[in-house]
K.L.:
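One structure coming up, written as structure tokens, with questions to follow.
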Amino acid sequence: MSAQPTTTEPGVRRRLWDRLPATIDRRVIALAWATLVVQIGIVGTGGLVRLTGSGLGCPTWPRCTPESFVATPEMGIHGVIEFGNRLLTFVLVVVAILMFLFVVRMRRERPDLFWLSLAIGLYVPLQAVIGGITVLTNLNPYVVGLHYFASVVLVALSAVLVVRVYATPGPRVRAVPRWYALTTHLTSVFVVVTVVVGILVTGSGPHAGDGGAARNGLDAEFMQHVHSWPAYITFALTIVLLVGARRTPPALRLPLWVGLLLSVELAQIVVGLWQARTGLPIWLVNIHMVLAVMLVAAMTAVVMNLKAPVADLERTADS
């Protein structure tokens with residue numbers, strides 16, 4: 001009698017499945033932070049591409065040249081910088097896939113983490129496609145601006161993910177006074193306006209990403225003034241939030257989060273004034289671009305901490 005064939009594949013799959021986290025542990029927390037860090041980091045490398053005039057270092061997409069997927073020696077340093085930034089997209093993809101795998105077993109208990117990680121994972125390739133369109137449109141300033149704003153959305157989603165991995169699961173309710181919540185949301189609106197106007201300022205300035213790329217035609221000096229208006233309104237509203245945070249529930253830690261937001265704003269204001277008075281050196285502009293998405297991340301953290309889990313509130317009331 002012949003021996004029955006044995007299959008090990010189901011067992012291997014089961015063992016791999018069992019190794020995935022079933023609850024929030026250090027691996028999940030570390031990967032959530034890694035998601036936020038790489039999303040902020042690629043803004044810095046993307047800024048370097050633009051500020052060094054390497055936006056067309058790879059003149060086509062998805063290939064680097066019509067004949068090659070990688071940069072060639074003839075393309076020089078601009079090709080290296082642009083291709084290097086494209087390679088970092090694969091890092092984002094790997095981190096996004098791992099994040100999704102690390103929460104897939106808890107999709108019923110933590111659907112918020114499941115859908116957030118899925119949204120980020122699907123958004124990353126969309127962002128890469130927008131990046132490709134920027135090249136194919138010869139760095140059209142509005143498409144380049146859309147590419148940057150797509151990164152802003154990804155950073156915001158990643159910040160939500162980080163906040164949620166620490167949160168108690170379940171329904172959440174507003175735990176701050178109504179005026180405080182409204183002021184916070186108004187501040188977030190001005191943060192978005194500041195970022196959008198900043199994108200338009202960059203599209204009118206000297207850093208086009210390539211010597212032959214078009215500008216949006218707006219008056220760069222006037223746009224710098226326009227950019228400062230929502231920025232200073234944001235700063236003033238944040239001071240109000242910081243003062244009011246002292247009367248919010250300690251468990252929300254709003255003084256910490258609003259203090260972080262205010263610190264990023266102060267750094268952003270200093271760098272913005274410095275770069276405007278020194279002729280927009282590329283290293284300061286790049287810092288300014290990275291601080292902008294850090295501002296969005298900090299603002300997102302403040303908004304996310306306006307609510308508290310119902311379970312935590314009931315526990316506090318019973319104690």
Side-chain angles (χ1 to χ4, degrees), residues 30-58 61-64 69-71 77-100 116-137 139 141 143-162 191-192 195-196 198-199 202-203 207-210 264 267-268 271 282-301:
L31 207 53
W33 277 105
T35 301
L36 179 59
V37 169
V38 296
Q39 294 296 345
I40 293 175
I42 201 162
V43 171
T45 60
L48 184 63
V49 169
R50 180 172 188 172
L51 296 167
T52 58
S54 304
L56 296 177
C58 288
W61 187 90
R63 294 175 180 265
C64 192
F69 279 100
V70 301
I77 187 62
H78 294 310
V80 172
I81 293 173
E82 165 64 6
F83 182 68
N85 186 63
R86 292 188 183 188
L87 283 179
L88 284 178
T89 302
F90 291 100
V91 176
L92 268 65
V93 170
V94 170
V95 171
I97 291 173
L98 288 175
M99 186 72 235
F100 177 76
L116 276 169
S117 61
L118 180 61
I120 292 170
L122 295 176
Y123 205 134
V124 169
L126 175 62
Q127 168 72 316
V129 171
I130 297 173
I133 295 173
T134 66
V135 174
L136 298 177
T137 57
L139 304 183
V143 180
V144 173
L146 176 62
H147 187 44
Y148 181 86
F149 192 79
S151 290
V152 170
V153 175
L154 274 169
V155 168
L157 289 173
S158 301
V160 173
L161 181 66
V162 170
V191 166
V192 174
V195 171
V196 171
I199 291 172
T202 306
H207 301 298
D210 183 80
V264 176
Q268 186 74 312
V271 173
I282 62 173
W283 64 279
L284 280 176
V285 176
N286 205 23
I287 292 173
H288 197 61
M289 293 173 65
V290 173
L291 283 171
V293 291
M294 291 177 65
L295 176 69
V296 170
M299 186 73 250
T300 302

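Positions are given from 1, in the same order as the sequence printed here. Just so we're clear, the structure is a prediction, and the values are computed from it rather than from any experiment. Keep in mind that the numbers below use all heavy atoms, side chains included, and drop hydrogens, waters and symmetry copies.
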K.L.:
Who passes ring pair (Phe, Tyr, Trp, His ring centres under 6.0 Å) against Phe100, sequence neighbours left out?
P.N.:
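Applying ring pair (Phe, Tyr, Trp, His ring centres under 6.0 Å) to Phe100 gives Phe114.
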
K.L.:
Tyr148 and Ala292: which non-hydrogen atoms are nearest, and at how many Å?
P.N.:
OH-CB, 3.3 Å

K.L.:
Looking only at heavy atoms, what is the nearest atom pair of Gly203 and Pro141, with distance?
P.N.:
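In this case the closest contact between Gly203 and Pro141 is O-CB, 4.1 Å.
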
K.L.:
Scan the side chains in residues 34-42 for donor-acceptor partners under 3.5 Å anywhere in the protein, sequence neighbours excluded, and list what turns up.
P.N.:
| from | atom 1 | to | atom 2 | distance (Å) |
| --- | --- | --- | --- | --- |
| Thr35 | OG1 | Leu31 | O | 2.8 |

K.L.:
Identify the heavy atoms of Ala297 and Val155 that sit nearest to each other, and give their distance.
P.N.:
CB-CG1, 3.9 Å

K.L.:
Could you pull out all residues at least two apart from Val285 that satisfy side-chain contact (heavy atoms from CB on, under 4.5 Å)?
P.N.:
Leu51, His207, Gln275, Leu280, Met289

K.L.:
With sequence neighbours left out, what residues match Val80 under side-chain contact (heavy atoms from CB on, under 4.5 Å)?
P.N.:
Ile77

K.L.:
Going from CG on Leu48 to CG on Asn85, what distance comes out if it is rounded to the nearest 0.5 angstrom?
P.N.:
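Here the rounded value is 8.5 Å.
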
K.L.:
Quick one: CD1 on Ile287 to CH2 on Trp283, what's the gap to the nearest 0.5 Å?
P.N.:
5.5 Å

K.L.:
How far apart are the closest heavy atoms of Val271 and Leu284, and which atoms are they?
P.N.:
CG1-O, 3.5 Å

K.L.:
List the atom pairs, with distances to 0.1 Å, where a side-chain N or O of residues 127-134 and a protein N or O form a donor-acceptor pair under 3.5 Å, not counting sequence neighbours.
P.N.:
| from | atom 1 | to | atom 2 | distance (Å) |
| --- | --- | --- | --- | --- |
| Gln127 | OE1 | His147 | ND1 | 3.0 |
| Gln127 | NE2 | His147 | O | 3.0 |
| Gln127 | NE2 | Ser151 | OG | 2.5 |
| Thr134 | OG1 | Gly131 | O | 2.4 |

K.L.:
If you measure from CG on Leu161 to CH2 on Trp33, what distance do you get to the nearest 0.5 Å?
P.N.:
10.5 Å

K.L.:
Considering residues at least two apart in sequence or located in another chain, which fulfil the salt bridge (charged side-chain N to carboxylate O under 4.0 Å, His left out) criterion with Arg86?
P.N.:
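Scan of Arg86 (salt bridge (charged side-chain N to carboxylate O under 4.0 Å, His left out), adjacent residues dropped) gives Glu82.
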
K.L.:
Shortest non-hydrogen contact from Gly79 to Cys58?
P.N.:
O-SG, 4.2 Å

K.L.:
Measure across Phe69 and Phe83 and return the closest heavy-atom pair with its distance rounded to 0.1 Å.
P.N.:
O-CE1, 3.1 Å

K.L.:
Got a second to check how far Leu291's CG is from Asn286's CG, nearest 0.5 Å?
P.N.:
10.0 Å

K.L.:
Should Thr45 and Val49 be marked as a side-chain contact (heavy atoms from CB on, under 4.5 Å) after you check the CA-CA gap, both sets of side-chain angles, and the distance that decides it?
P.N.:
CA-CA 6 Å; Thr45 60; Val49 169; 5.8 Å; no

K.L.:
Flag the pair Val70 / Cys64 as yes when at least one side-chain heavy-atom distance between them is below 4.5 Å, and no otherwise.
P.N.:
no

